[in-house]
Amino acid sequence: MARRSAPLLRRLVSASSPPALQSLTDHVGVLARRTVTYMPRPGDGAPRAVTLIPGDGIGPLVTGAVRQVMEAMHAPVYFETYDVHGDMPTVPPAIIESIRRNKVCIKGGLATPVGGGVSSLNMQLRKELDLYASLVHCSNLPGLPTRHEGVDIVVIRENTEGEYSGLEHEVVPGVVESLKFCSERIAKYAFEYAYLNNRKKVTAVHKANIMKLADGLFLESCREVASKYPGIQYNEMIVDNCSMQLVSKPEQFDVMVTPNLYGNLVANTAAGIVGGTGIMPGGNVGQDYAIFEQGASAGNVGNENLVEQKKANPVALLLSSAMMLRHLQFPSFADRLETAVKRVVAEGTYRTKDLGGSSTTQEVTDAVVANLD
């Protein structure tokens, strides 16, 4: 069952410590002046419970890093931890109840069986909680050299509909039909995100030249929403050309909005351009709930060597937890965490193998803690 952490936070909630209360009041004051957020969601400034799913593979390593850093910075969150694995037939009801109660979850990767008709628990969570928007932030980190500079792309994809969502069935033996839908709400989310975060352009990625009805409807929705945001530039790009443009001139993109399947491919490609999946934060958000996790899905549970050597890269999930803090309206804590992570990456002393180093997860975590302001 759930294990609650951060006893210090419990004391913060229950005790009448003037400095602690003053600190919380200060953060609320900062919030009142802030106009830009990652994922808009109302909050009251009080310490919050967060559902934590360590997951499979490297998941316990990187979620452990998040717990350590949160405790070190005395972040106003505490965790309810649940043991879930990708080979389970379904998501236990207690986890769903916890997320519905807390409204926010942070998780490690859950292994997804290939073929065999086994449903992905990741997709179960997204459908059950109607987490219709996936957001991945792919940008250059200072001090980490890549082929392209000046890349700062946000990929927003539809998360619960389309081919990737598993909406398929066998009509007759040997004939499989995949169902695809498009929703206006993902277009609205993309433009609202661009507006709130001072982004200048939204690119709709599609295959309407072939999928004329389904992707045609997607483009119609995007065009209608775009007309309501005259201050944001809007353009469209066929996914074939988009793939080529991403690897040749990625700095041209700002916010990208896509149907489900294309967005998964685009997000992983964009992540590879700026350093790999180990540094890309992300989240899945709906009207009422949000789950934060490593942004790009490729290799999200790592491999046995990473687990045995304890050398998984915690950067992606640490940055995702910063997104979570902004979502909970704790921007000062989010800024502190992001700044510390970026300092460690820029200094280059502690990096895991995927970033050209040989550090362990714990060494990177300790370095982040040491760099907290």
Side-chain angles (χ1 to χ4, degrees), residues 52-69 81-89 91 105-116 118-126 134 136-138 141 144-147 155 164 166 247 261 263-284 291-321 341 344-345 348-368:
L52 174 66
I53 301 175
D56 298 310
I58 66 171
L61 287 173
V62 294
T63 56
V66 169
R67 293 175 68 117
Q68 291 179 56
V69 174
T81 305
Y82 292 86
D83 194 25
V84 186
H85 300 285
D87 58 0
M88 290 180 172
V91 179
C105 171
I106 191 159
K107 65 183 281 291
L110 290 173
T112 301
V114 179
V118 179
S119 177
S120 163
L121 294 195
N122 294 306
M123 284 308 309
Q124 286 186 32
L125 283 168
R126 294 167 192 170
S134 168
V136 182
H137 191 182
C138 302
L141 292 183
L144 188 63
T146 59
R147 184 182 298 272
V155 181
Y164 189 74
V247 298
L261 180 60
N264 191 51
L265 306 177
V266 167
N268 280 275
T269 301
I273 289 169
V274 293
T277 59
I279 61 172
M280 294 300 105
N284 301 283
I291 295 180
F292 295 86
E293 56 189 319
Q294 181 173 307
S297 61
N300 66 340
V301 296
N303 57 51
E304 291 183 4
N305 289 335
L306 285 178
V307 177
E308 291 173 0
Q309 298 171 11
K310 298 184 178 180
K311 291 187 174 182
N313 191 347
V315 168
L317 201 63
L318 287 172
L319 292 177
S320 296
S321 64
V341 170
V344 172
V345 174
T349 304
Y350 297 98
R351 290 182 181 177
T352 48
K353 184 177 180 179
D354 58 314
L355 300 184
S358 59
S359 301
T360 64
T361 306
Q362 189 59 55
E363 288 172 339
V364 175
T365 304
D366 290 342
V368 172

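Closest non-hydrogen pair, M280 versus V136, comes out as CB-CG1, 4.4 Å. The two residues A65 and P314 make their nearest non-hydrogen contact at CB-CB, 3.7 Å. Minimum interatomic distance between G263 and V155 (heavy atoms only, all atoms of both residues): O-CG1, 4.0 Å. The heavy-atom pair separating A312 from T352 by the smallest distance is O-CG2, 3.6 Å. Smallest separation of non-hydrogen atoms from S320 and G282: OG-N, 3.0 Å. Taking every heavy atom of both residues into account, L110 and L125 meet most closely at CD1-CD1, 4.4 Å.
Rounded to the nearest 0.5 Å, atoms CD1 (I291) and CD1 (I106) are 11.0 Å apart. Taking CG from L121 and CE from M123, the interatomic distance works out to 11.5 Å, rounded to the nearest 0.5 Å. Separating the CZ atom in R67 from the OG1 atom in T365 is a distance of 13.0 Å, to the nearest 0.5 Å. Considering CD of Q309 and CG of N303, their distance stands at 8.5 Å, rounded to 0.5 Å. Distance CG/L317 to CZ/F292: 11.0 Å, rounded to 0.5 Å.
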Stepwise side chain to side chain contact (heavy atoms under 4.5 Å, CB included) test for L144 and R351: CA-CA 10 Å; L144 188 63; R351 290 182 181 177; 3.8 Å; yes
Give the intermediate values and the outcome of side chain to side chain contact (heavy atoms under 4.5 Å, CB included) for residues V66 and L318. CA-CA 6 Å; V66 169; L318 287 172; 4.0 Å; yes
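Looking at residues two or more places apart in sequence or on another chain, you find a side chain to side chain contact (heavy atoms under 4.5 Å, CB included) between E304 and E308. With sequence neighbours left out, the side chain to side chain contact (heavy atoms under 4.5 Å, CB included) criterion links A316 to Q294. In this structure T146 satisfies the side-chain hydrogen bond (donor to acceptor under 3.5 Å, both in side chains) test together with N140, sequence neighbours excluded. Here S359 pairs with nothing under the side-chain hydrogen bond (donor to acceptor under 3.5 Å, both in side chains) rule; sequence neighbours left out. In this structure, the side-chain hydrogen bond (donor to acceptor under 3.5 Å, both in side chains) partners of Q362, at least two apart in sequence or on a different chain, are Q68, D366.
The closest side-chain heavy-atom distance from V274 to L141 is not below 4.5 Å. In this structure, the side chains of I279 and V345 stay at 4.5 Å or more apart for every pair of heavy atoms. In this structure, the side chains of I273 and R147 stay at 4.5 Å or more apart for every pair of heavy atoms.
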Donor-acceptor pairs under 3.5 Å, side chain of residues 52-59 to any protein atom, not counting sequence neighbours: which ones?
unit_1 : atom_1 : unit_2 : atom_2 : d
D56    : OD1    : H85    : ND1    : 2.6
D56    : OD2    : G86    : N      : 2.8
D56    : OD2    : A111   : N      : 2.9

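In this structure a side-chain-to-backbone donor-acceptor pair under 3.5 Å is missing from T63 to K107.
No hydrogens or angles considered: nothing links the side chains of R126 and S134 as a donor-acceptor pair under 3.5 Å.
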